[in-house]
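Following: one structure in structure tokens, then a few remarks.
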Amino acid sequence: MPSQESRPTIHIPGTTSHTIAPRAERDGREGTLRYLKAGNGAPLVLLHTVRTQAEHFRHLIPLIAEQYTVYALDLPGMGYSEIVPGASYDEPAMRTGVERLLTELDLHDVTLVGESMGAVLALTTAADLPERVRRVVAVNAYDFRDGIARSSLLARVVVSGVLAPGVGPVIAGVEPKPALTKILQGGLGDKSALREDYVDELLQVGRRPGYPAVARGVYQALPSLIAARSRYPEVKAPLHLVYGEKDWSRPSDREANKKLLPAADFTQVPKAGHFIALERPDVLADLLNAAA
């Protein structure tokens with residue numbers, strides 16, 4: 001739960017903030033999860049990208065809240081979900097957090113929408129819980145080598161430093177605003193879509209005690225997202241793959257997923273980059289509202 005000194009600086013109109021308590025039988029190995037809720041209708045769960053949080057969907061939620069009851073989750077350790085010392089941030093552990101949201105709230109007929117890392121988690125959660133999932137929209141799935149390092153030379157240097165033995169934890173705790181801004185802009189076709197107040201919010205979260213260990217753990221676990229591609233063919237729900245034309249994925253990466261999921265619908269968003277929820281929320285909203 002956010003403390004008095006650490007509350008979100010961004011409020012999305014129509015949303016309320018909620019938490020899910022850890023399960024007693026987990027013996028302190030999982031933390032409280034925070035999520036935002038808005039709207040009315042069938043449930044739709046939003047899963048954010050690497051190094052972001054539920055507010056990543058600040059522009060999308062108001063566009064779909066008349067058609068869906070929207071749940072935007074802070075993945076384990078991220079945003080304002082509890083940081084548990086020594087926790088894992090590999091794909092199975094993060095997927096467990098998503099599944100807690102669905103099962104603890106007893107959600108059925110769910111549309112799972114994930115961007116980047118969240119797209120992978122949407123697909124693997126659907127594979128695990130077919131009885132609860134109605135549809136999956138996977139936006140710019142982060143399931144290829146190098147990932148954010150394709151953003152820019154700066155991103156490659158920073159990620160390499162965070163992963164380095166010895167100095168990695170120190171570098172993970174140093175996050176200058178210009179550097180974070182530059183790295184995130186590398187995931188946008190329209191760089192003006194990155195608002196300064198959103199960067200400030202991410203920096204505030206980055207100053208939470210223990211967050212540098214979370215950031216490093218997430219980067220260390222990125223190969224598990226690639227490994228999770230083996231689960232994609234298990235998904236029974238209808239699928240829609242969405243990619244920005246300028247996403248970090250290469251055409252060969254996109255084609256590989258199209259071949260792995262031949263029944264999936266496919267949309268490529270012209271001129272958009274990796275963070276479509278920031279720069280083209282209207283495209284996602286039109287796609288989602290048409291299927292409500």
Side-chain angles (χ1 to χ4, degrees), residues 8-18 34-75 78-80 98 101-102 107 110-123 125-126 133-142 184-185 187-199 201-202 205 239-247 265 267-292:
T9 59
I10 292 172
H11 175 68
I12 304 169
T15 63
T16 53
S17 182
H18 306 264
R34 175 247 191 181
Y35 66 94
L36 302 178
K37 182 180 179 182
N40 297 283
L44 182 148
V45 172
L46 294 170
L47 304 173
H48 62 78
T49 76
V50 173
R51 188 49 191 98
T52 68
Q53 58 195 70
E55 281 77 13
H56 183 74
F57 299 105
R58 63 189 293 194
H59 303 303
L60 176 60
I61 291 172
L63 300 179
I64 59 177
E66 290 187 6
Q67 301 288 340
Y68 296 95
T69 301
V70 181
Y71 302 83
L73 177 66
D74 278 345
L75 291 168
M78 293 173 244
Y80 294 93
V98 179
L101 178 75
L102 271 61
L107 302 181
V110 177
T111 297
L112 285 176
V113 182
E115 184 161 88
S116 183
M117 172 176 66
V120 177
L121 297 174
L123 288 160
T125 298
V133 178
R134 168 192 175 191
R135 187 172 184 232
V136 179
V137 179
V139 183
N140 289 330
Y142 195 118
L184 293 176
Q185 284 180 335
L188 293 166
D190 175 8
K191 294 181 175 23
S192 69
L194 182 65
R195 307 288 180 84
E196 185 174 4
D197 63 342
Y198 181 52
V199 177
E201 169 60 33
L202 296 178
V205 164
L239 304 176
H240 199 131
L241 300 177
V242 180
Y243 284 97
E245 181 185 11
K246 298 182 178 181
D247 180 46
D265 293 327
T267 295
Q268 182 161 283
V269 183
K271 300 181 180 180
H274 190 67
F275 302 119
I276 294 178
L278 294 183
E279 60 180 329
R280 293 303 308 272
D282 57 311
V283 171
L284 298 180
D286 289 348
L287 186 156
L288 294 168
N289 288 334

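One is the number of the first residue; the rest follow in order along the sequence. If you're wondering where the values come from, they're calculated on a predicted model, not measured in any experiment.
- For D197, the side chain to side chain donor-acceptor pair (under 3.5 Å) partners at least two apart in sequence or on another chain are R58.
- The 12-atom threshold is not exceeded at NZ of K271, counting heavy atoms of other residues, nucleotides or ligands nearer than 6.0 Å.
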_Trace of the side-chain contact (heavy atoms from CB on, under 4.5 Å) decision for L239 with L123_ = CA-CA 9 Å; L239 304 176; L123 288 160; 3.8 Å; yes
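- With sequence neighbours excluded, the residues satisfying side-chain contact (heavy atoms from CB on, under 4.5 Å) with L63 are P281, A285.
- How far OH of Y68 is from CG of L46: 10.5 Å, rounded to the nearest 0.5 Å.
- In this structure D74 satisfies the salt bridge (charged side-chain N to carboxylate O under 4.0 Å, His left out) test together with R34, sequence neighbours excluded.
- Closest non-hydrogen pair, G244 versus N140, comes out as N-OD1, 2.9 Å.
- Rounding to the nearest 0.5 Å places CD1 of I12 at 9.5 Å from CG of L60.
- In this structure H56 satisfies the ring-ring contact (aromatic ring centres under 6.0 Å, His included) test together with F275, sequence neighbours excluded.
- Of the inter-residue distances, the one linking T111 atom OG1 with R135 atom CZ reads 6.5 Å to the nearest 0.5 angstrom.
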*Under the side-chain contact (heavy atoms from CB on, under 4.5 Å) rule, what do V113 and L284 come out as? Steps first, then yes or no, please.*
CA-CA 9 Å; V113 182; L284 298 180; 5.5 Å; no
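- Residues V120 and Y142 share a closest heavy-atom pair of CG2-O, 3.6 Å.
- Considering only residues two or more places apart in sequence or on other chains, T49 meets the side chain to side chain donor-acceptor pair (under 3.5 Å) condition with T52.
- Summarising the geometry, atom CG belonging to L112 is positioned 6.0 Å from atom OG1 belonging to T125; distances are rounded to the nearest 0.5 Å.
- Within the 4.5 Å cutoff, no side-chain heavy atoms of V205 are placed close to those of M78.
- The minimum heavy-atom distance between G114 and A122, with the atom names listed, is N-CB, 4.2 Å.
- The minimum heavy-atom distance between L278 and H59, with the atom names listed, is O-CD2, 4.1 Å.
- Here R51 pairs with E175 under the salt bridge (charged side-chain N to carboxylate O under 4.0 Å, His left out) rule; sequence neighbours left out.
- Taking both residues in full, the closest heavy atoms of Y198 and Q53 are given as OH-N, 4.4 Å, listed atom of the first, atom of the second, then distance.
- Taking S116 as the reference, H274 meet the side chain to side chain donor-acceptor pair (under 3.5 Å) condition, with sequence neighbours excluded.
- The side-chain hydrogen bond (donor to acceptor under 3.5 Å, both in side chains) pairs that include a residue from residues 277-292 are R280-D282, where partners are two or more places apart or lie in different chains.
- What you find for A38 and G14 is that their closest heavy atoms are CB-O, 3.5 Å.
- The shortest side-chain heavy-atom distance between D265 and L287 does not fall under the 4.5 Å cut-off.
- Annotation: side-chain contact (heavy atoms from CB on, under 4.5 Å) contacts of E66 (sequence neighbours excluded): none.
- Side-chain contact between L75 and L121 is present, with heavy atoms from C-beta onward closer than 4.5 Å.
- Contacts of Y243 classified as ring-ring contact (aromatic ring centres under 6.0 Å, His included), with partners at least two apart in sequence or in another chain: F266.
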_L36/E55 under side-chain contact (heavy atoms from CB on, under 4.5 Å): CA gap, chis, key distance, verdict_ = CA-CA 9 Å; L36 302 178; E55 281 77 13; 3.9 Å; yes
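- Listed by chain and number, the residues in a side chain to side chain donor-acceptor pair (under 3.5 Å) with H240 are T267 (sequence neighbours excluded).
- Residues forming a side-chain contact (heavy atoms from CB on, under 4.5 Å) with K246 (at least two apart in sequence, or on another chain): none.
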*Might you work through the side-chain contact (heavy atoms from CB on, under 4.5 Å) test for K37 and T69, ending with a clear yes or no?*
CA-CA 7 Å; K37 182 180 179 182; T69 301; 3.7 Å; yes
